[in-house]
Amino acid sequence: MKVLKKTLKTIQFDNGDQMPILGLGTWMSQPGEVGKAVKEALYGGYRHIDCSPVYGNEAEIGQALSQSFKEGFITRDKIWITSKLWNDSHTPDDVQSALEKTLSTLKLEYLDLYLMHWPVALKKGVFFPKSAAELISLDDLPLSETWKAMEILVDKGLCRHIGVSNFSVPKLKKLLDIAQQKPEMNQIELHPYLQQPEMLDFCHKNGVHLTAYSPLGSRDRPSFLKSEEDPILLEDATIREIAKRHQATPAQILISWTIQRGCAVIPKSVNPFRLQQNLAAADLSLTQEDMQQIARLDRNFRYYSGKFWVLPGGSYTQANLWDE
Ligand code: A2P
């Protein structure tokens, strides 16, 4: 992969910190390939890696990071690392140890950004729940309690910024009401089939940044989350037509569209050629007409509906998860 000399566009935080607007997603990057992808990405110019303990690959990412530091082509202060608090550690007493575990796995002393992964609480040690007995309701363990414990992590210097993921506007509002330190980021599924204009508007007005996950339509999502009727974003006729006009690929149009809406974007790839292609998309400019054409593709469609939290006798429903 060619080394990118240019500086990437960034998202600016209130304290002046800058998060590269394009990062590398690592969900579904398999052990055995993720480390290589991370090193390749950093070597080629990526400066932002998005992780989570639930992706099952942080150890290999940690290995790749420390090798990259040792080889000397990148230093810790030049990259942005995000990770997330898994749902089984929402109890305030578990929050700091969860972050410390992630730091030790990633072989880092601090994270740039730590996110509450879902507005869903699980019993300790539960990865994905099989029955309602493994859930904790938000009445029993409110998100505000978890948030207060996350605020302390910033004071302790274990992470620079805190935020959330998969939060609806009403849940963000509630958190903003009680927060001493506001959530600075909401990482959500965002692409032309799920454009979430009200979320963009709310976050813009309240100084909350957005990161788009599954920006390419998460084609390699697990099979239990796939159904025959799901639309394939990378094959959308409008996206392909725009790509042709720009002599770009559909993936590049999707990445560029997200950035042009002011959102950070974390396309996942483990392929050196596609890693480079995706990074180069940060330089593409879409016209107003392109943006209007893409705006018409919205169909409020989620590849990650959150149905895995909905269990017989449990307190979570898709309606109360998304507040719609
Ligand atoms: P691969 O890792 O083999 O490149 P998302 O970021 O929406 O979750 O999408 C990730 C999926 O898109 C993966 O299957 C990834 O495969 C694929 N992908 C990543 N970049 C590109 C690209 N430029 N063109 C086509 N597919 C891509």
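Just so we're clear, the structure is a prediction, and the values are computed from it rather than from any experiment. Every number for a ligand or one of its atoms is a count from 1 in the order of the listing.
Residue Gly217 has at least one heavy-atom neighbour below 4.0 Å for each of these atoms of ligand 1: 7 (O). Of all atoms in ligand 1, listed by their number and element, those nearer than 4.0 Å to a heavy atom of Gln277 are 22 (C), 23 (N), 24 (N). For ligand 1, the atoms closer than 4.0 angstrom to any heavy atom of Leu234 are 25 (C), 26 (N).
With atom 18 (N) of ligand 1 as the reference point, the heavy atom nearest to it among Asn278, Leu216, Thr26 is part of Leu216. Distances from atom 5 (P) of ligand 1 to the heavy atoms of Ser218, Pro267, Gly25, Ala251 show the closest one on Ser218. Around atom 17 (C) of ligand 1, the closest heavy atom drawn from Lys268, Met28, Arg221 belongs to Lys268.
The protein atom (non-hydrogen) at minimum distance from atom 11 (C) of ligand 1 is Asp220 OD1, 3.8 Å. Distance from atom 25 (C) of ligand 1 to its nearest protein heavy atom, with residue and atom name: Arg274 CD, 3.7 Å.
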Derivation and outcome, side chain to side chain contact (heavy atoms under 4.5 Å, CB included), residues Leu115 and Ile162: CA-CA 6 Å; Leu115 305 176; Ile162 47 175; over 6 Å; no
Give the C-alpha distance, both sets of side-chain angles, the deciding distance and a yes or no for side chain to side chain contact (heavy atoms under 4.5 Å, CB included) between Leu143 and Lys174. CA-CA 9 Å; Leu143 298 168; Lys174 240 173 126 176; over 6 Å; no
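Looking at ligand 1, you won't find any N or O of Asn271 less than 3.5 Å from one of its N or O atoms.
Among Tyr304, Trp118, Tyr316, the single residue meeting the ring pair (Phe, Tyr, Trp, His ring centres under 6.0 Å) criterion with Trp309 is Trp118.
Remark: Glu235 pairs with Arg219 by the salt bridge (Lys or Arg N to Asp or Glu O under 4.0 Å) rule, at least two apart or across chains.
Looking at Pro215 against ligand 1, both its backbone and its side chain come within 4.0 Å, counting heavy atoms.
Ring pair Phe127/Trp86 is tilted by interplanar angle, where 30° to 60° counts as tilted. Aromatic ring pairs are classed by plane angle as parallel below 30°, tilted from 30° to 60° and perpendicular above 60°; the pair Tyr303 and Tyr193 is tilted.
With Tyr110 as the aromatic partner, Arg160 meets the cation-pi criteria of under 6.0 angstrom to the ring centre and within 45 degrees of the ring axis.
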